Amino acid sequence: MQTPSDPKKANNLQPQQRFPFSREKIKCPGLTAGAKEVNRLLEQMPKRWAVYAYKHSRELLWVVFVGGTGTGKSTIYNALCEKPLSETGVERPKTFGPIVYAHRNAPVAADFPFDSMTVTSRSPEDELLSPQAGTAGDLVILQHAHEDLAHIALVDTPDLDSLEVRNREIVEDLYLLSDAVVFVTSQEKYADEVPFQFLKRIHQDGKICFLLLNKAEDVLTSREVAVSFREQGVDFAQSRFWVLPYVPLRPSEQLRENQHFKDFVTAFFTEVGGNRAPVVLQNERIRRINKLKEQTRLLVDLLGKERQAAKGWTAQLETLFQAVCRDLLEQQAKHFDEESRDYLQEEIRRLFSKYDVLGKPRRFISQLVLSPLRLLGLWSQRRQESHTDALLRIRERIDLTPIQAAVEKLNRAVLENLSPADEQSPLYRLLRNPEMKVSDEEIKAKVWEEQDKLAVWLESTFRQMAQGIPKGKEWGIYSTSILWGALIVSFEAAIGGGITLLEAALDSALAPFVTKGAVELFAYQELQKIARELAIRYQDGVLSVVRLQEDRYKQGLQSLLTSQQAMDDLDALQRSLAKV
């Protein structure tokens, strides 16, 4: 394990009481295999940080007693403390909450790192005090005045294999506070999975650990148990392993007279006594800071991989989006068949037929005939439709069904191709949130918004084009009203269908009416340009609805990622830890 060249450097980092990053800042969508590890780190690091801050300047050595149900852990605890502090008995379990035996001046309660535990203090010197069973969620401090134990806090904990999840969490938390561990097992329990895995973890962490096999029969030797542990990857030195006999009556008192127990007590205080305490504390500070370095490096690496995976996810989303858009445009193109083309040509020819050379005399005669009728109120002149009204009327004809189907197609493709397998991952849940889908009402509003923009652009563009046509031309196909009418009819015929063919439709419809005059060619070419851009703008407007759905997915994913600012802050923390 990496250690600072100067052990005193472990004290240089003055940590905050709390981890400087909240769960709201550190986010992980769940795109990589390391996502679960990120969540595990986010559970552990705040506690490790709080423990490091708590232990940073306290010269108090914590020794935690741990063991499975019925192993006699509390009995050995009482025997070592030489007082009946923790309740014992045949009923299981006996310890419901942690009990700390500490000097009255020991800094135990101040700034205690776990908010989930309530800290209370009692004096064991009180004659009325009886052995404590503890209460789940409460840390009971039993104070004493023994100066030879002023440097140490002895902690009895609930059972490792307790059925209560809260009790197991308490053991985990207090283990983080420990500088040494007394692990108690028994002849019946030493091979049990849960206690053994915890023992294996202690061994891997390299923490000082005293292993006691309690309630052993004469036929079971320490060598046999040691061999069994060694075969499973846990190798304890003989100097830290003791076998204690089964004592049925007054076990704490009887154990104190047992030679094996006396040997354990001697070895215990040799390693964690007052003279050795500073070295043990310093080694554990180094171990804690190295663990924080390791976890910070791992967190930065895993979050970086999530961000990289998010880029790939976004690229795949764009590919799905493009495929859906291509299908939508192809589907619309198919709607523009020969019947639509014939209709378009017929409408434009009808429009142009009103502007022949005799059009002016016919309109004069018509005015004379209809004037008396108008005076009598029997005939009203039809109001000429404005350009904007014509475009907004066309808006009503747009078929939203293909666009709605395209959005739904994108949604299905995202769930089928881009959803994480882990149902608990944030991205999995986000993709199935009903609010992620663009509703039919939103689709309609977006389409109409785009058509309004199109109307404004087309009106402005057409007005500019018309300014280039000589006003003295009294008939012919290029009066501004004819030009506008040709464009509107073309657009209306193609709307919701083959808009990409609009230019071709205009060409086939207008070509027979075009002369070789400069004005005619100018207007014809300008109209073609407008038609081309109209097609592009219309397509963009239609596809913008599908883009709205794509953007919603992108924004959703972005909301689940750790921000760049938070990543930079994590990097800064990592660099500061590296200097310790």
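Values in this document were obtained by computation on a predicted structure and should not be read as measured data.
Remark: the backbone N or O of Lys27 is paired with a side-chain donor or acceptor of Thr562 at under 3.5 angstrom. Under the 3.5 Å distance criterion, the side-chain polar atoms of Asn78 are matched with a main-chain donor or acceptor of Leu85. In terms of modelled atom types and a separation under 3.5 Å, the side chain of Lys215 and the main chain of Gly70 share a donor-acceptor contact. Under a 3.5 Å cut-off, the side chain of Tyr54 and the backbone N or O of Ala110 do not form any donor-acceptor pair. Formation of a donor-acceptor pair under 3.5 Å by the Gln549 side chain with backbone atoms of Met436 is found in this model. With Arg429 contributing its side chain and Gln424 its backbone, the two residues share a donor-acceptor pair below 3.5 Å. Side chain of Asp138 to main chain of Val140: no donor-acceptor pair is present (N/O by atom type, distance under 3.5 Å, no hydrogens or angles). Panel note: side chain Thr71, backbone Gly68; a donor-acceptor pair is recorded below 3.5 Å. Distance alone, capped at 3.5 Å, is enough to place a donor-acceptor pair between the Lys73 side chain and the Thr157 backbone. The main-chain N or O of Ser162 is found under 3.5 Å from a side-chain atom of Arg168 such that the two form a donor-acceptor pair.
In the model, Tyr101 has no side-chain atom that pairs as donor or acceptor with a side-chain atom of Asp156 under 3.5 Å. A side-chain donor-acceptor contact under 3.5 Å links Ser22 and Glu24. In the model, Thr69 has a side-chain atom that pairs as donor or acceptor with a side-chain atom of Asp161 under 3.5 Å.
Looking only at side-chain heavy atoms (C-beta outward), His103 and His151 stay at 4.5 Å or farther from each other. Residues Trp313 and Leu427 form a side-chain contact, since some pair of their non-hydrogen atoms from C-beta on lies under 4.5 Å apart. At least one side-chain heavy atom of Lys207 sits under 4.5 Å from a side-chain heavy atom of Ser178. Inter-residue side-chain proximity for Asp179 and Val272 is flagged as unmet; no heavy-atom pair is nearer than 4.5 Å. Using a 4.5 Å heavy-atom threshold, the side chains of Ser419 and Arg432 count as touching. Contact annotation: the side chain of Phe114 approaches that of Val51 to within less than 4.5 Å [non-hydrogen atoms, C-beta and beyond]. In this structure the side chain of Leu415 reaches within 4.5 angstrom of the side chain of Leu431, judged on heavy atoms. Put simply, the side chain of Lys262 reaches to within 4.5 Å of the side chain of Gln259, judged on heavy atoms.
At a threshold of 4.0 Å, the pair Glu318-Lys554 counts as salt-bridged, since one of the basic side-chain nitrogens sits closer than that to a carboxylate oxygen. We find that Arg297 and Glu294 are not joined by a salt bridge, their nearest charged nitrogen and carboxylate oxygen being 4.0 Å or further apart. Between Asp301 and Lys305 a salt bridge is recorded (basic side-chain N to carboxylate O distance below 4.0 Å). A salt bridge between Arg40 and Glu43 is absent, with no side-chain N of the basic residue lying under 4.0 Å from a carboxylate O of the acidic one. A salt bridge does not link Lys47 to Glu172: none of the charged side-chain nitrogens sits closer than 4.0 Å to a carboxylate oxygen.
Atom NE2 of His203 has more than 12 heavy atoms from other residues, nucleotides or ligands within 6.0 Å. Taking a 6.0 Å sphere around CG of Asp148, one finds it holds more than 12 heavy atoms contributed by other residues, nucleotides or ligands. Annotation: Glu408, atom CD; neighbour count of heavy atoms from other residues, nucleotides and ligands within 6.0 Å is above 12. Heavy-atom neighbours of Glu164 CD from other residues, nucleotides or ligands within 6.0 Å: at or below the threshold of 12. No more than 12 heavy-atom neighbours from other residues, nucleotides or ligands sit within 6.0 angstrom of CD on Glu435.
Atom CG of Leu41 sits about 6.5 Å away from atom CG of Leu302, to the nearest 0.5 Å. Here the CD atom belonging to Glu253 is positioned 14.5 Å from the CG atom belonging to Asn258, to the nearest 0.5 angstrom. Atoms CH2 and CG, from Trp62 and Leu176 in turn, are 11.5 Å apart once rounded to the nearest 0.5 Å. Separating the OG atom in Ser116 from the CZ atom in Arg166 is a distance of 4.0 Å, to the nearest 0.5 Å. We find the NZ-SG distance between Lys36 and Cys28 to be 12.0 Å, quoted to the nearest 0.5 Å. Here the CG atom belonging to Leu31 is positioned 14.5 Å from the OH atom belonging to Tyr428, to the nearest 0.5 angstrom.
Applying the ring pair (Phe, Tyr, Trp, His ring centres under 6.0 Å) rule to Phe261 yields the partners Phe264; only residues at least two apart in sequence or on another chain are considered.
Smallest separation of non-hydrogen atoms from Leu60 and Lys55: O-NZ, 3.4 Å. In terms of heavy atoms, Leu320 sits closest to Ala413 at CD1-O, 3.8 Å. What you find for Arg287 and Asp205 is that their closest heavy atoms are NH1-O, 3.0 Å. Across all non-hydrogen atoms, the minimal contact from Met117 to Phe112 is SD-CE2, 4.0 Å. Considering all non-hydrogen atoms of both residues, Glu37 and Leu298 come closest at OE2-CD2, 3.6 Å. Nearest heavy atoms, Cys209 versus Phe183: SG-CB, 3.9 Å.
Remark: Arg48 is not positioned above the aromatic ring of Tyr52, lacking an NZ or CZ atom under 6.0 angstrom from the ring centre and at most 45 degrees off the axis.
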*Decide yes or no on salt bridge (Lys or Arg N to Asp or Glu O under 4.0 Å) for Arg285 and Glu59, but give the supporting numbers first.*
CA-CA 11 Å; Arg285 288 187 184 113; Glu59 299 300 320; 3.0 Å; yes
*Would Glu306 and Thr32 count as a side-chain hydrogen bond (donor to acceptor under 3.5 Å, both in side chains) if you check the C-alpha gap in whole Å, the side-chain angles of each, and the deciding distance to 0.1 Å?*
CA-CA 6 Å; Glu306 281 284 312; Thr32 66; 2.5 Å; yes
*Derivation of the side chain to side chain contact (heavy atoms under 4.5 Å, CB included) call for Phe21 and Leu42*: CA-CA 9 Å; Phe21 295 95; Leu42 293 178; over 6 Å; no
*Is there a side chain to side chain contact (heavy atoms under 4.5 Å, CB included) between Leu142 and His144 once you walk through the steps?*
CA-CA 7 Å; Leu142 303 180; His144 64 75; over 6 Å; no
*Candidate pair Thr270 and Arg276, rule side chain to side chain contact (heavy atoms under 4.5 Å, CB included), full reasoning*: CA-CA 7 Å; Thr270 297; Arg276 286 283 301 165; 5.9 Å; no
*With side chain to side chain contact (heavy atoms under 4.5 Å, CB included) as the test, would you mind laying out the steps for Ser544 and Lys446 before giving the verdict?*
CA-CA 8 Å; Ser544 70; Lys446 182 64 176 175; 3.6 Å; yes
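Between Trp49 and Phe19, the ring planes are perpendicular. Angles over 60° get that label, and only those under 30° would be called parallel.
When each of Leu154, Ile76, Leu149 is checked for a side-chain contact (heavy atoms from CB on, under 4.5 Å) with Cys81, only Leu154 meets the rule.
Sorted by first and then second residue, the ring pair (Phe, Tyr, Trp, His ring centres under 6.0 Å) pairs involving residues 153-176 (not counting sequence neighbours) are Tyr175-Phe198.
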